[in-house]
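For reference, the structure is listed below as structure tokens.
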Amino acid sequence: MKSPFLLEQWFASRGWRAFVFQREAWNKILQGKSGIVNAPTGSGKTYSVLGGVLEVLKSENPKGLVCLWITPIRALAKEIELSVARALEGCGLSWRVGIRTGDTEIAERREQAKQMPEILITTPESLHLLIATRDGERLFEQLRFVIVDEWHELMGNKRGVMMELALAWLRARLPALQTWGISATIDNMYEAMQILLGRTYREGILVRADLRKRIEVIPVLPDTIDLMPWAGHLGIKLLQKVVPVIEQSRSTLIFTNTRSQCEIWYQQLLEAAPSLAGQIAMHHSSISREIRHWVEDALHDGRLKAVVCTSSLDLGVDFRPVETIIQIGSPKGVSRFMQRAGRSGHQPGAVSRIYFVPTHTLELVESAALREAIDRQVIEPREPYVRSFDVLVQWLVTLAVGPGFEAGEILHQVRSTHAFTSISDEEWYWCLSFITTGGRTLEGYDDFHKVVRTDDGRYVVKSKRISLRHRLSIGAIVSDTVMRVKFLNGGFVGTIEEWFISRLKPGDVFWFAGRSLELVRVRGLEVTVRASQQKEGLVPSWMGGRMPLSGQMGAMLREKLQEAFDDKTTDPELKFISPLWKLQLERSAIPGPDQLLIEYLVSREGHHLFVYPFEGRFVHEGMASVLAWRLALFQPITFSIAMNDYGFELLSADPIPIQEALDSDVFSTEHLERDILQSVNATEMARRRFRDIAAIAGLVFQGYPGKPVKEKHLQSSASLIFSTLSEHEPDNLLLRQAYDEILQFQLEHGRMQQAFSRIQGQEILLRYIERPTPFCFPIMVDRLRERLTNESLEQRVEKMLREAGVEVK
DNA sequence: GACCTGCTGCGGAGTG
């Protein structure tokens, strides 16, 4: 029997069958609903939404823009366009589909200005830019659908807030507008829907694709436990075990945690297996786009056997499935690991296999914890941003540059979003005054008088210069200023950070993008290089973000620690680790899920206190500061602090009164927020955070395309404004936002609160140890690294190991 | 605002 659905008829002609969730989505969309389709990549999620859109509009023969398709990544736009175009043709519809991103050519833009395609694929930034035109309102008059692809990727950052605001604005003028999100599984799926739909969420529908895929975690283990380093992060010791995995597979993705690790692995793989030359490449965000595109295409065509990458290949390029995935070092979160694993074994019913290469002993436990987490479907949530006033004031100027706005109407919309439900009248007036006068402190500067209120009460931007500069600054991603690395003949290799290049002088050789490069000269923000034959060279590192261990991973680790002693354990890595665990047990203890281990060591360096909450390094940084601050209340004492993802260390020249402190409840949650802010240098942290806020809010200008403002300059103008506001306008909303953000995202206040209250219910195992344990050793090394060069560190680590009673191989 | 390990993502003028 012929299906009533257009898309299903086309499916049938190709011999495909619709999934149950696709039909469910089509029906709900046909009923006029909004909602979210929860489906993994590669499961036909695009068609699940597209089919509904076609069904609603097929009889209307639309002309002009009826459907906006938002993607967080430009690279995905092309694939969506391809799928949509194919389906439209298959269904015999003559609708047009087009792309509008920063890559869209001028001619194409002009064409679109005359007549928009029926379906437009765009990014949140480009959508804001479209609104920031005089045509801003007219463009969307016929709009019926907004599809937000990969919504889980947007909702955890300020780009999500940009979407919320734009959606509220569109919804206000188009009551019949239907919004659909497409999202991978996250822990707070319903919240994700609520945020996407704003005030209309009550009627929202969640369509779940029940396509659970089996994932097999295969640990890559050394021959004996002695070969596993106690501390380290590169994992290079297991290189010889990784080579055959790559050789035996048709195509492999090797995920690393940092860009420099990616460079090192690429280089070392080539050295260990010269036969891979020409068949292996590398991919990370500092490599030029030209090279990256080449790598993506080559992988797609099967010209490459393996690519070493960072999370730059997490999303985007939904290339032909890869046969094998290798993860080097901890992925830090379950979702990220599962997503990467899902890149292999795309055939229905196929098992995804992922090789996990631990870089030190405790990561062996992470390997087992990951397996368990996948089994139990433990998945991280995405925390939405709220009250991001920098994004709000940017949006208000965007509207004023575009069609202009009327205050009461926009306030109503803004309040309908999840991010700004709680905005008070006072805060709203502050925003209006900020965009018109710069606020109390900055009103003396004309640059901040961006928006004017016309006689009929509309807020608009009149100055061409201000409009221009605003359009240049739309978006919520603030990049660091970087130096461009170029060959003498002009070929662009990629970008590198100033602090790294400043250590080199002309003639020095470094390795970057898989090539040996000799520094010729540095001029302004341009680094000129020539190819070198030299084999040795420094590998650059970049100051990227840090990814702390997720709460879910931490909890799973705490559970798994003791399992190494359980004879019934089936995890190979836990069996493997048990000799080392015996050592830990002899010297100290292994905490169970209801225990907190604290180790006290006296060495020539002084008195060390090690605490192991397994909460990730951000939380540990805050906890360590709070603990140090509270301990100093007992007696004057100073500490140096170190931490990793498993625990932290307080080191002091004097004895640490830990027993007394424990007796008087040093882990109390009482006055926690106050103690956090007292103990960490909140002002400095907020000052740094303020740089991005100032850029997003339009307080500092980041420069013209190709002519970025120097980092130093940007930092100092933001810092100057920060100081001025702190002094004269301490209740400034952007200033307060900087402090809120460090509490929420840098110190992970919520998680820290939970950790403290969990510890209150835990039994404390205080152990006075005589020698470093496998647990504390990596933290000690971490602290040393900050003072020593790499070579001396290596020697020092060997010495430490001997002192710790471990044979050095 | 550095670092010694530390991810990712987007956007963009006027020149008559």
Side-chain angles (χ1 to χ4, degrees), chain A residues 70-77 100-104 106 122-129 132 150 153-154 156-160 162 231-235 255-264 283-286 309-316 328-333 336 359 464-465 467-481 497-503 538-548 617-618 644-645 684-685 687-691 701-708 711-712 714-716 718-719 781-782 784-793:
Chain A
I70 311 290
T71 159
I73 306 202
R74 281 185 302 236
L76 284 175
R100 179 61 170 263
T101 67
D103 295 336
T104 306
I106 303 269
T122 186
T123 59
E125 289 80 6
S126 285
L127 171 58
H128 278 230
L129 280 161
E150 311 278 355
E153 283 295 329
L154 290 171
N157 59 51
K158 290 182 184 174
R159 301 176 79 197
M162 287 178 72
H233 74 280
L234 283 177
F255 285 101
T256 57
N257 279 340
T258 70
R259 284 166 277 183
S260 62
Q261 189 183 20
C262 179
E263 297 267 347
I264 291 168
H283 194 284
H284 62 69
S285 67
S286 292
C309 60
T310 59
S311 46
S312 58
L313 284 184
D314 271 353
L315 265 189
I328 317 270
S330 167
K332 312 281 182 186
R336 185 179 294 113
T359 61
K464 271 195 153 175
R465 177 169 172 272
S467 292
L468 165 66
R469 282 166 72 120
H470 181 75
R471 275 201 299 268
L472 289 172
S473 330
I474 281 180
I477 301 171
V478 185
S479 319
D480 283 353
T481 313
E497 286 171 20
E498 196 179 354
W499 67 265
F500 175 77
I501 224 70
S502 67
R503 304 189 310 178
L538 284 173
V539 175
S541 61
W542 290 261
M543 304 300 320
R546 298 168 163 197
M547 305 171 275
R617 54 182 311 141
F618 282 7
N644 64 12
D645 275 326
E684 256 336 286
M685 289 170 107
R687 184 187 294 276
R688 245 170 278 165
R689 195 94 193 174
F690 188 72
R691 170 186 169 277
F701 181 58
Q702 294 168 272
Y704 289 96
K707 281 182 218 133
E711 190 62 32
K712 254 189 199 142
L714 200 65
Q715 183 66 40
S716 69
S719 177
V781 173
D782 221 46
L784 279 174
R785 202 176 44 211
E786 280 161 28
R787 294 206 307 256
L788 298 173
T789 63
N790 273 341
E791 283 142 284
S792 50
L793 178 67

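Every chain is numbered from 1, with letters handed out A, B, ... down the list of sequences.
- What separates CZ of A:R259 from P of B:dC3 is a distance of 16 Å, to the nearest Å.
- Summarising the geometry, the separation between CZ on A:R469 and C1' on B:dG12 is reported as 13 Å, rounded to the nearest angstrom.
- Rounded to whole Å, the distance from CD on A:E497 to P on B:dA2 is 14 Å.
- Comparing B:dT8, B:dG6, B:dG12 against the side chain of A:P705 picks out B:dG12 as the nearest.
- Contact annotation for A:E684: backbone-only contact, meaning every heavy-atom pair under 4.0 Å involves sugar-phosphate atoms and none involves a base.
- Residue A:T101 places no side-chain atom within donor-acceptor reach of the base of B:dC10, judged by atom type and a 3.5 Å distance cut-off alone.
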After noting the C-alpha distance and the side-chain angles of A:W542 and A:T258, does the key distance pass the side chain to side chain contact (heavy atoms under 4.5 Å, CB included) rule?
-> CA-CA 8 Å; A:W542 290 261; A:T258 70; over 6 Å; no
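- Taking atom CG on A:N157 and atom C1' on B:dG9, their separation rounds to 8 Å, with Å as the unit.
- Residue A:L468 is classed as a sugar-phosphate contact, given heavy-atom separations below 4.0 Å to backbone atoms only.
- From A:E263, atom CD reaches atom OG of A:S286 across 8.5 Å, with rounding to the nearest 0.5 Å.
- Taking the C1' atoms as reference points, B:dA2 lies 13 Å from B:dG6, given to the whole Å.
- Residue A:S473 places no side-chain N or O under 4.0 Å from the OP1 or OP2 atom of B:dG11.
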Mind listing the side-chain donor-acceptor pairs of residues 468-479 of chain A below 3.5 Å, one per line with the distance, residues two or more places apart or on another chain?
unit_1: A:H470; atom_1: NE2; unit_2: A:Q394; atom_2: O; d: 3.4
unit_1: A:H470; atom_1: NE2; unit_2: A:T398; atom_2: N; d: 3.2
unit_1: A:H470; atom_1: NE2; unit_2: A:T398; atom_2: OG1; d: 2.8
unit_1: A:S473; atom_1: OG; unit_2: A:R469; atom_2: O; d: 2.6

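- The phosphate of B:dC10 has neither OP1 nor OP2 within less than 4.0 Å of any side-chain N or O from A:S126.
- An OP1 or OP2 oxygen of B:dT8 is reached within less than 4.0 angstrom by a side-chain nitrogen or oxygen of A:T310.
- Across all strands shown, A:L129 has heavy atoms under 4.0 Å from sugar-phosphate atoms exclusively, and none from any base.
- Put simply, A:S285 has a side-chain N or O that comes within less than 4.0 Å of OP1 or OP2 on B:dT8.
- The main-chain N or O of A:T310 is never found under 3.5 Å from a side-chain atom of A:R259 such that the two would form a donor-acceptor pair.
- Out of B:dG1, B:dG11, B:dG6, the shortest distance to the side chain of A:T123 is found at B:dG11.
- Residue A:R503 places none of its side-chain N or O atoms closer than 4.0 Å to OP1 or OP2 of B:dC4.
- Using modelled atom types and a 3.5 Å distance limit, the side chains of A:T359 and A:H233 yield no donor-acceptor pair.
- Rounded to whole Å, atom P of B:dT8 lies 17 Å from atom CD of A:E125.
- If you check every strand for non-hydrogen atoms under 4.0 Å, A:H128 touches nothing.
- Within 4.0 Å (heavy atoms only), A:G102 reaches sugar-phosphate atoms of the nucleic acid but no base atom.
- Protein atom CZ of A:R74 is 12 Å distant from nucleotide atom C1' of B:dG12, rounded to whole Å.
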Residues A:I328, A:N257; criterion side chain to side chain contact (heavy atoms under 4.5 Å, CB included); working and verdict | CA-CA 7 Å; A:I328 317 270; A:N257 279 340; over 6 Å; no
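- Rounded to whole Å, atom C1' of B:dT15 lies 13 Å from atom OH of A:Y704.
- At a threshold of 4.0 angstrom between heavy atoms, the contacts of A:D480 include nucleobase atoms, whether or not backbone atoms are also involved.
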